[in-house]
J.: 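Got a structure for you, questions after.
Within every chain, numbering begins at 1; the chains are lettered A, B, ... in the order of the sequence lines, protein sequences first and strands thereafter. All figures in this text were calculated on a predicted structure; none of them were measured in a lab. Side chains are part of it too, since the values below use all heavy atoms of this structure and drop only hydrogens, waters and symmetry mates.
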Number of protein chains: 2
Amino acid sequence: MVKTKDKIILAAEKLFSEHGFEQTSLRQITSEADVNLASVNYHFGSKKSLIQAVMARYQMVFLPALEVELQRLAEQPNYTTTDVLACMTQPLIALRQVRLDGPVIYLRLLGYAYSEIQGHLRKFTMTHYGHVVQGFFEMIQTANPHLSRKTLFWRLHFSLGAMLFAQVSGQALREIALADFGEATQAEETFLKLLPFVAAGISAVDPEAQN
Amino acid sequence: MVKTKDKIILAAEKLFSEHGFEQTSLRQITSEADVNLASVNYHFGSKKSLIQAVMARYQMVFLPALEVELQRLAEQPNYTTTDVLACMTQPLIALRQVRLDGPVIYLRLLGYAYSEIQGHLRKFTMTHYGHVVQGFFEMIQTANPHLSRKTLFWRLHFSLGAMLFAQVSGQALREIALADFGEATQAEETFLKLLPFVAAGISAVDPEAQN
DNA sequence: TCACATTTAAAACGCACGTTTAATTTGCAG
DNA sequence: CTGCAAATTAAACGTGCGTTTTAAATGTGA
């Protein structure tokens with residue numbers, strides 16, 4: 001028998017990833033989960049806490065796995081931007097342990113988390129996994145010694161934006177692509193197409209560096 | 001004497017660009033504009049119509065100006081991705097006619113429009129200015145004959161995502177950058193930093209093209 | 001089986017929102 | 001000045017939300 005708490009989590013993940021956090025009401029979630037409305041507040045305390053619980057379930061798998069991959073690469077004598085970015089693929093695949101469609105779900109949740117409650121997720125992530133994020137940044141810096149920290153900071157966030165937009169708008173974009181020139185794109189394929197784009201963007205020569 | 005309708009538009013632009021469309025209530029707008037709550041529905045019919053009016057005011061300046069720039073470049077024997085992207089800078093500056101801080105306002109509005117009401121803005125833009133968008137796409141294609149339409153489609157939307165994220169999260173990111181390593185970034189500077197990133201990402205070699 | 005803590009259930013609360021109504025004020029042509 | 005349309009105002013409406021309350025049902029250890 002499936003516990004009420006688990007039914008809520010599963011339904012919340014699904015609806016949050018499809019429509020965003022604020023656009024999803026507790027009534028939709030409890031209806032989808034086939035549980036009573038009040039049980040969310042009983043088991044999680046508030047909607048905000050439910051959101052954090054949903055995110056934490058994925059973060060606690062993804063970020064430690066990312067840390068392992070980064071440390072492995074850090075032992076190499078040298079590495080490229082692409083190498084560092086590729087460290088994310090295995091941890092993403094590891095999210096299948098959480099849920100069969102975990103990788104897709106997580107990327108979408110990330111997108112909504114950043115675009116809706118910008119500050120909260122970043123604070124939570126930095127508090128619990130700040131050293132992983134920091135390490136990632138340092139390795140990108142090592143792979144691109146010609147770039148200033150400031151330029152790198154912005155380019156990493158441009159990359160984040162590209163990824164989040166692709167995930168959140170992914171379904172709509174896939175439909176447009178299909179209608180415009182009849183080529184379908186798989187959800188997982190989007191992330192693979194993203195990597196060379198982001199890698200080239202990050203490593204681009206900085207025009208300002210000539211100053 | 002400033003008309004009520006104009007006071008509403010000015011206040012709405014400001015608040016929409018700061019907090020997004022859905023996060024901004026009509027009560028906030030009418031309070032900021034110092035007009036009666038009901039006057040929005042009297043002058044614009046609905047909140048949705050107000051949003052469209054706000055967006056249209058910028059689109060009708062930006063997109064025709066972009067068309068002019070693109071046509072000028074198209075007459076050249078050849079051009080690069082950067083050249084095509086640079087066509088956007090003058091039309092952005094032209095938005096100062098609409099409002100002193102028009103360029104910044106417009107980019108932020110774009111960001112929220114895409115992340116909140118994804119379908120609507122695209123539909124509106126394509127209906128009224130579809131040929132401009134189409135022309136932009138074709139010129140990027142011409143500048144990158146080695147890339148498939150599918151790859152180009154996704155990379156252009158990655159670029160859009162990078163820009164929108166930078167604008168919407170721009171204020172928060174600027175504060176983080178300042179706190180993390182003490183370097184301030186101007187709002188207008190963000191767009192300039194974006195161009196080389198996006199240009200390199202779009203023109204990157206496509207690993208899939210080897211297949 | 002009994003007593004007690006845990007969990008579920010139905011209903012209501014208070015709040016903020018976009019919108020509508022109806023009355024009043026304002027602007028202006030004849 | 002008069003009369004009428006346009007504009008403004010204050011108040012209320014209906015809806016959906018997250019949350020709380022109170023009672024009933026369920027599970028559990030002695």
J.: Which whole-number value in Å describes the distance from A/N41 CG to D/dG18 P?
T.: 9 Å
J.: Please report, rounded to the nearest Å, how far the P atom of D/dA7 is from the NZ atom of B/K7.
T.: 15 Å
J.: Taking atom C1' of C/dC17 as reference, at what distance in whole Å does atom NZ of B/K48 sit?
T.: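 Roughly 17 Å, once rounded to whole Å.
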J.: Using the side-chain contact (heavy atoms from CB on, under 4.5 Å) rule, pick out the option among A/N144, A/L73, A/L85 that qualifies with A/M139.
T.: A/L73
J.: How long is the line joining CD1 of A/I8 and P of D/dT19, in whole Å?
T.: 13 Å
J.: Relative to A/F181, does B/K150 satisfy both conditions: NZ or CZ under 6.0 angstrom from the six-membered ring centre, and within 45 degrees of the ring's axis?
T.: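 No; the conditions do not both hold, so B/K150 does not lie above the ring face of A/F181.
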J.: Which nucleotide in the list C/dT8, C/dT19, D/dG18 gets nearest to the side chain of A/Y42?
T.: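 Among the listed nucleotides, the one closest to the side chain of A/Y42 is C/dT8.
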J.: Rounding to a whole Å, what distance do you find between A/L26:CG and C/dT8:C1'?
T.: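 One finds 16 Å between C1' of C/dT8 and CG of A/L26, rounded.
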J.: In whole angstrom, give the distance that lies between atom CD1 of B/I29 and atom P of C/dA16.
T.: 17 Å
J.: Just to confirm, is there a sub-4.0 Å distance from OP1 or OP2 of D/dT8 to any side-chain nitrogen or oxygen of B/N36?
T.: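 For D/dT8, OP1/OP2 do not have a side-chain N/O of B/N36 under 4.0 Å.
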J.: If you measure from the Lys or Arg side-chain nitrogens to the Asp or Glu carboxylate oxygens, is any gap between A/R149 and A/E138 under 4.0 Å?
T.: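 Judged by the 4.0 Å cut-off on N to carboxylate O distance, A/R149 and A/E138 do form a salt bridge.
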J.: Looking at the base of C/dG18, is there any donor atom on it, or on the side chain of B/R27, that sits under 3.5 Å from an acceptor on the other one?
T.: yes
J.: Between B/E18 and B/R108, does any side-chain N to carboxylate O distance fall below 4.0 Å?
T.: no
J.: Round to a whole Å and report the spacing from CZ of A/F21 to P of D/dC17.
T.: 17 Å
J.: Does a side-chain N or O from B/T4 land closer than 4.0 Å to OP1 or OP2 of D/dT8, or not?
T.: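 It does, given that an N or O in the side chain of B/T4 lies less than 4.0 Å from OP1 or OP2 of D/dT8.
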J.: Reckon B/S25 touches a base, only the sugar-phosphate, or nothing at all at heavy-atom distances under 4.0 Å?
T.: sugar-phosphate
J.: Nearest whole angstrom, please: distance from the C1' of C/dA16 to the CD of A/E22.
T.: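 The distance from CD of A/E22 to C1' of C/dA16 comes to 14 Å, rounded to the nearest Å.
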J.: Counting side-chain heavy atoms from C-beta on, which of C/dT20, C/dT19, C/dA12 comes nearest to A/L37?
T.: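 That would be C/dA12.
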J.: With a non-hydrogen cut-off below 4.0 angstrom, is B/T24 in contact with a base, only sugar-phosphate, or nothing?
T.: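 Answer is sugar-phosphate: B/T24 comes under 4.0 Å of backbone atoms only.
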J.: Is the side chain of B/E189 donor-acceptor paired with the backbone N or O of B/Q186 at a distance under 3.5 Å, no angle test?
T.: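 Here the side-chain-to-backbone pair exists.
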J.: OP1 or OP2 of D/dA6 less than 4.0 angstrom from a side-chain nitrogen or oxygen of B/H43, does that happen here?
T.: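 Checking B/H43 against D/dA6: no side-chain N or O falls below 4.0 Å of OP1 or OP2.
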